[in-house]
S.K.: 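Quick one: this structure, given as structure tokens, is what I'll be asking you about.
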Number of protein chains: 2
Amino acid sequence: MVKRPTLQDVAAEAGVSPATASYALRGQRGSDATVERVRQAAERLGYDADPIARALATGSTGTVGVLCGSTRDLWQQRLAVDLSRALMARGRHAVVADADGDPGRERALLAKLREQRPDGLLVAPLDPDAAHWHDVAERFPVVCVGEQLPRAPSAGAVVFDNDAGMALVFDHLAGLGHRRVAVVLTARPSTPDRPAEDLVRRHAARVGVSVVLVHPPPATADVADLRDHLAAALAGPAAGVSVVFCLSDSLAFAALRAAAVRGLAVPDDLSVVGFEDLDVADLVGPGLTTMSWGEETVVDAAVGQLLVSIEDDVAPARSTIAPRLVVRGTTGPAR
Amino acid sequence: MVKRPTLQDVAAEAGVSPATASYALRGQRGSDATVERVRQAAERLGYDADPIARALATGSTGTVGVLCGSTRDLWQQRLAVDLSRALMARGRHAVVADADGDPGRERALLAKLREQRPDGLLVAPLDPDAAHWHDVAERFPVVCVGEQLPRAPSAGAVVFDNDAGMALVFDHLAGLGHRRVAVVLTARPSTPDRPAEDLVRRHAARVGVSVVLVHPPPATADVADLRDHLAAALAGPAAGVSVVFCLSDSLAFAALRAAAVRGLAVPDDLSVVGFEDLDVADLVGPGLTTMSWGEETVVDAAVGQLLVSIEDDVAPARSTIAPRLVVRGTTGPAR
DNA sequence: TTGAAAGCGCTACCAG
DNA sequence: CTGGTAGCGCTTTCAA
């Protein structure tokens with residue numbers, strides 16, 4: 001292990017003080033001649049500032065914590081990756097933690113992340129109602145993706161316009177003549193997703209469609225469980241529907257398999273509609289209709305809001321992403 | 001923003017010196033009485049040691065860099081997530097970077113990761129032959145997943161026993177009477193001793209099966225491109241094969257779609273075989289036969305080797321993961 | 001068993 | 001425009 005050169009070394013090499021070297025390398029100060037001399041010295045020595053020392057001196061780490069509720073959900077898995085990339089592109093780096101569907105773990109990871117002293121936090125929470133979000137949001141800029149943190153008014157949020165999204169989907173389905181739709185809600189360990197349920201009911205009523213609500217097992221369940229659970233619903237309360245509308249694409253994939261288990265052809269016997277538009281949907285389909293939120297839009301909005309908040313020391317903003325109906329697959333006929 | 005308590009505060013609160021407090025909190029020194037008093041003080045103040053300051057003082061960051069070649073590959077995406085989780089469980093945290101299929105970016109990210117002064121590096125390289133791995137492996141413990149770094153003898157590795165894996169697959173196929181197989185190669189070579197191509201040829205010859213090699217487009221291609229590329233192959237050089245054997249599951253998913261494009265039923269007209277056993281395969285199937293490497297085995301081996309290397313200051317080990325043939329789907333008949 | 005003090009490498013204030 | 005120098009918060013000798 002060769003000892004790395006320090007700022008001292010560079011300063012000595014360039015024949016200036018450490019202060020001058022520091023300023024020069026950051027382009028903050030110094031005559032052109034000095035700056036150039038310092039740069040050359042740094043170059044010659046292969047110097048790179050130590051981010052640890054810098055962090056201690058400035059009080060900012062350049063790190064952003066990303067906390068996901070469950071990366072078993074393909075959307076979150078992709079989100080985590082995209083957020084990391086976007087942050088890296090903007091000169092910060094992400095520390096990603098995954099609660100894996102367990103609220104207790106979410107809490108523990110949050111504590112670990114906090115100790116890490118990130119400059120900010122990006123979260124896709126399992127339990128948005130948890131009290132701990134409040135404390136965290138008071139200490140760090142926090143931006144929540146996909147929902148609001150009702151207990152943490154100082155947190156920013158990037159939310160989807162589910163109202164508009166559901167309007168599009170139900171209009172689409174009703175327009176094709178479907179009258180009976182099963183809706184698979186997303187799993188929330190602690191809180192039933194009341195608002196989503198209400199939206200579904202309202203839009204279904206508006207277009208004269210009857211709905212059967214299906215609650216999935218918790219996010220920790222593996223894919224086979226999910227498939228069997230949905231297959232059971234299809235044989236039970238949801239028997240005879242012509243559409244399964246899933247509030248996430250991971251659920252929609254499972255619904256496709258459940259249809260196969262029941263011997264229903266998609267989209268001829270049964271249509272399956274997703275609500276996220278993952279690109280793997282292309283591989284999983286056909287016969288999967290999905291709704292797109294524009295992935296980059298979400299990521300850009302979240303990262304943008306957080307960085308503005310960090311850099312200008314203001315509260316993070318809230319923004320809403322509008323939906324586009326992207327019919328990738330084919331929605332089958334009503335029965 | 002409330003100022004966090006420091007070690008000084010705890011020391012003052014407990015009526016001891018900072019040194020004593022530091023030792024006491026880490027359980028390194030001190031009479032039981034003192035230790036207890038300091039603990040209580042820390043508790044009362046809600047003290048948590050600042051990892052930045054600690055890192056500066058000790059020279060170790062507790063961070064492990066994870067560099068993926070392309071998380072568009074679902075296997076790598078999952079790998080990144082699992083590695084983060086495993087590291088977190090062992091008291092370290094991961095900084096994940098994704099080269100997204102671009103070797104230039106891989107180089108740049110590696111430089112960024114190095115500046116970060118991680119305690120070690122876990123890599124799934126795009127270009128294992130690149131010269132920069134050599135420098136890196138000399139400065140940090142590095143464990144490479146999925147292949148070896150031929151230019152970096154000091155790096156550890158967790159490799160798959162592809163030879164044994166292919167033997168299993170070809171035996172399986174030949175046993176079912178298949179005589180003509182298309183093999184979709186990955187961009188990465190990935191063998192301890194020999195390129196995948198040679199292995200394929202050798203095992204095919206051994207069991208008397210003829211193969212058509214298909215090279216996929218680069219990892220940056222999107223899923224639709226991949227599908228079309230494979231569909232073209234199925235109409236061209238690979239027309240008439242009864243099996244498409246894909247060296248990664250992501251490719252296998254695309255192959256399933258390509259079969260659909262060509263109007264071939266899976267597994268009746270054409271069997272599709274994967275080589276990773278991702279759990280989403282359950283959702284994407286049916287008719288997808290996959291080979292399992294035991295995901296936890298890989299992650300545990302990689303993380304285990306790296307941490308031993310970091311903690312005991314020895315060169316990381318190399319290990320080989322044995323395959324299991326897990327027939328999830330159904331392999332169809334020969335034609 | 002405890003404490004004073006010297007760093008770790010960098011930034012930023014304040015004089016010159 | 002430049003250079004001392006005092007921290008940032010913690011660990012770790014070395015003495016007491």
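Letters go in sequence order (proteins before strands), and every chain restarts at 1.
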S.K.: Between B:Glu115 and B:Arg139, does any NZ, NE, NH1 or NH2 come within less than 4.0 Å of an OD or OE carboxylate oxygen?
M.R.: no
S.K.: Take atom CZ of B:Arg4 and atom P of D:dG9, then tell me their distance rounded to the nearest Å.
M.R.: 10 Å
S.K.: Which nucleotide in the list D:dC1, D:dC10, D:dT5 gets nearest to the side chain of A:Ala19?
M.R.: D:dT5
S.K.: With a non-hydrogen cut-off below 4.0 angstrom, is B:Ala49 in contact with a base, only sugar-phosphate, or nothing?
M.R.: sugar-phosphate
S.K.: Can you name the one residue among B:Glu43, B:Arg37, B:Glu36, B:Arg44 that meets side chain to side chain donor-acceptor pair (under 3.5 Å) with B:Gln40?
M.R.: B:Glu36
S.K.: D:dC8, OP1 or OP2 - any side-chain N/O from B:Thr6 closer than 4.0 Å?
M.R.: no
S.K.: Assess whether a salt bridge exists between A:Asp100 and B:Arg85, defined as any Lys/Arg side-chain N lying under 4.0 Å from an Asp/Glu carboxylate O.
M.R.: yes
S.K.: Looking only at atom types and distance, does a side-chain atom of A:Gln305 sit under 3.5 Å from a main-chain N or O of A:Pro316, one as donor and one as acceptor?
M.R.: no
S.K.: For a quick check of understanding: with a heavy-atom distance under 4.0 Å over all strands, which category does B:Arg29 fall into, base, sugar-phosphate or nothing?
M.R.: base
S.K.: From the 5' end of DNA chain C to its 3' end, which nucleotides mark the outer limits of contact with chain A, defined by a 4.0 Å heavy-atom distance cut-off (strictly under)?
M.R.: C:dG9 to C:dC14
S.K.: Would you say A:Ser17 places a side-chain N or O within less than 4.0 Å of OP1 or OP2 belonging to D:dG3?
M.R.: yes
S.K.: Any ion pair linking B:Asp50 and A:Arg117 (charged N to carboxylate O, less than 4.0 Å)?
M.R.: yes
S.K.: Select one nucleotide: of D:dG9, D:dG3, D:dT11, the one nearest the side-chain heavy atoms of B:Leu56.
M.R.: D:dG9
S.K.: Just the rounded figure in Å: distance from C1' of D:dG7 to CZ of A:Arg54.
M.R.: 17 Å
S.K.: Would you mind telling me which residue lines up with the more 5' stretch of DNA chain D, B:Ile52 or B:Tyr23, judged by nearest nucleotide?
M.R.: B:Ile52
S.K.: Toward the 5' end of DNA chain C, which comes first, B:Ala21 or B:Arg117, by nearest nucleotide?
M.R.: B:Ala21
S.K.: Would you call the rings of B:Trp293 and B:Phe160 parallel, tilted or perpendicular if under 30° counts as parallel and over 60° as perpendicular?
M.R.: tilted
S.K.: Given the rule in the salt bridge (Lys or Arg N to Asp or Glu O under 4.0 Å) test, do B:Arg92 and B:Glu311 qualify, once you have shown the distances and angles that lead to the verdict?
M.R.: CA-CA 12 Å; B:Arg92 319 228 159 208; B:Glu311 282 152 23; 3.2 Å; yes
S.K.: Would you mind classifying the nucleic acid contact of A:Gly59 as base, sugar-phosphate or nothing, using non-hydrogen atoms under 4.0 angstrom?
M.R.: nothing
S.K.: For B:Asp48 and D:dC10, give me the distance from atom CG to atom C1', rounded to whole Å.
M.R.: 14 Å
